[in-house]
2 protein chains.
Amino acid sequence: MARPLGFRRDRVVEAATRTFLQHGLHAASAEELCRATGLGRSSLYNSFGSKDALFDECLGTYLDQTLERTETILGDTARPVRDRIAILLRRIAVEEAERVAAGEPRGCLAVNTVAELADDPEYAGSMRRVDEDTAARLRLLADALRVGQAAGEVTDAVSAEGLAAFVNAAIAGLRITSQGGTAAGRLDDIVVATLRALAP
Amino acid sequence: MARPLGFRRDRVVEAATRTFLQHGLHAASAEELCRATGLGRSSLYNSFGSKDALFDECLGTYLDQTLERTETILGDTARPVRDRIAILLRRIAVEEAERVAAGEPRGCLAVNTVAELADDPEYAGSMRRVDEDTAARLRLLADALRVGQAAGEVTDAVSAEGLAAFVNAAIAGLRITSQGGTAAGRLDDIVVATLRALAP
DNA sequence: CAAATTCTGGAACGAACATTACATATCGAT
DNA sequence: ATCGATATGTAATGTTCGTTCCAGAATTTG
């Protein structure tokens, strides 16, 4: 064996994710990533290969964690479907408020990645990751909403897939709105209004 | 007098805006802006000063044009308020579909600017522009929605300001969703669902 | 304790970037 | 037709970027 790493990989990914969320992929320089993670250039490149590879790992873990939490909330079949969606949306509003309080950057890495890299063929791999995550999230939402429709608890004026796309868009809108500097109370209004759209 | 410009400034701004929308501010290189506008480096810098200044002009005209169209639609007092909001949202969905058909980049420069520059102090000036535009748009929406509430045509379960923030967030969500590659039909679903939230 | 292996810090590299300088071309006015 | 003034094309500049290299430090295994 040999000398062990002087840092915990997940902590580094966490710090790098914050940096990417704050500045985006292009504007986050290697120097800034080193400062944020506490690593030297050599350690960073030895452990992650390149800035793009580090970004991909950050994006991947971010998407996995977010999708898992969504799965947990939507999978709570004891609750009415609309309550689950309400919890999902409110959790985002709360998380954004916490970020403000902690001085951490607001917004969503997936949303910002779409905004920054959607049309860049060089990052098609990252975008494919986001697309797959979005597809999985839409599936979870549509499945839940379909159950809600069958129970008469959710409107069927729009298909379950359409409502899923709506909820997903609402989440993106919520995150962009927060990133723009909107206060927590207003985010709650957006959540309440979003939920109204689902009522029968 | 002297030699006149060999190009129309508004056309150049239009082409540059497309480039910034597609790649973002950081990833749009001077070379790419020259290619897109057909100008040489000298002409570009002589006429606009710097890449940042060009971006600011593109952003300013984009915001002005978009706000003006919003104003026109929401100011049509002959129609019910909810119809005006419906037209506003549908126009976005149609515009995004047209972009796809024309091979032009999708999404919204204002949304992407928030995603890319919200936390960068160096571009606080650009962000202030976006903030002012957002404030103006929220005012227009809230005024219209208040009228709708007074007429019993719009729900008052949420304040007019809250509903305005919701509609604004819905627009951002719609544009990000489109940028992610969602088809036009799904965008229509999102519009229909969004409108449901406003019903009394 | 020594050897093997890996990590780490700092300097250095080539490429790409935004921007500028300069010579030349082009136009309006006289 | 010529002059003044500005636009344009090309080449160059200084800087910043991502990345690599190398020497030395650290830690486990034998």
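Computed over heavy atoms, backbone and side chain alike; hydrogens, waters and symmetry mates excluded.
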Sugar-phosphate, base or nothing in reach of B:S50, heavy atoms under 4.0 Å: sugar-phosphate
Sugar-phosphate only, base, or nothing, as touched by A:L39 at under 4.0 Å among non-hydrogen atoms: nothing
Residues B:R137, B:D133: salt bridge by 4.0 Å N-O rule: yes
Nearest-Å distance for atom pair CD/C1', residues B:E31 and D:dA11: 14 Å
B:I85/B:L74 under side chain to side chain contact (heavy atoms under 4.5 Å, CB included): CA gap, chis, key distance, verdict: CA-CA 7 Å; B:I85 308 266; B:L74 291 182; 4.2 Å; yes
B:E122 CD - C:dA18 C1' separation (whole Å): 12 Å
Atom-to-atom span, CD of B:E32 to P of C:dC17 - whole angstrom: 9 Å
B:F55 CZ - C:dC17 P separation (whole Å): 18 Å
Under 3.5 Å donor-acceptor pair, A:S42 side-chain atoms to C:dG10 base atoms: yes
Sugar-phosphate, base or nothing in reach of B:A27, heavy atoms under 4.0 Å: nothing
Out of D:dT19, C:dT8, C:dT19, whichever nucleotide has its closest atom nearest the side chain of A:S43: C:dT8
Separation of atom CG in A:N46 from atom P in D:dA26, rounded to whole Å: 17 Å
Touch class at under 4.0 angstrom, heavy-atom based, for B:A28 against every strand present: sugar-phosphate
Check: A:E57 side chain, A:F48 main-chain N or O, donor-acceptor pair, under 3.5 Å: no
Interatomic distance where NE2 belongs to A:H26 and P belongs to C:dA16 [whole Å]: 14 Å
Interatomic distance, B:F7 CZ vs D:dT6 C1' [rounded to whole Å]: 12 Å
Polar side-chain contact B:R41-D:dT8 base: donor and acceptor under 3.5 Å: no
Protein-nucleotide distance (A:K51, atom NZ; D:dT16, atom C1'), rounded to Å: 12 Å
Test applied, salt bridge (Lys or Arg N to Asp or Glu O under 4.0 Å); reference residue, B:E96; option that passes from B:R106, B:R175, B:R91: B:R175
Approximate separation, where rounding is to 0.5 Å, of A:S126 OG and A:L25 CG: 7.5 Å
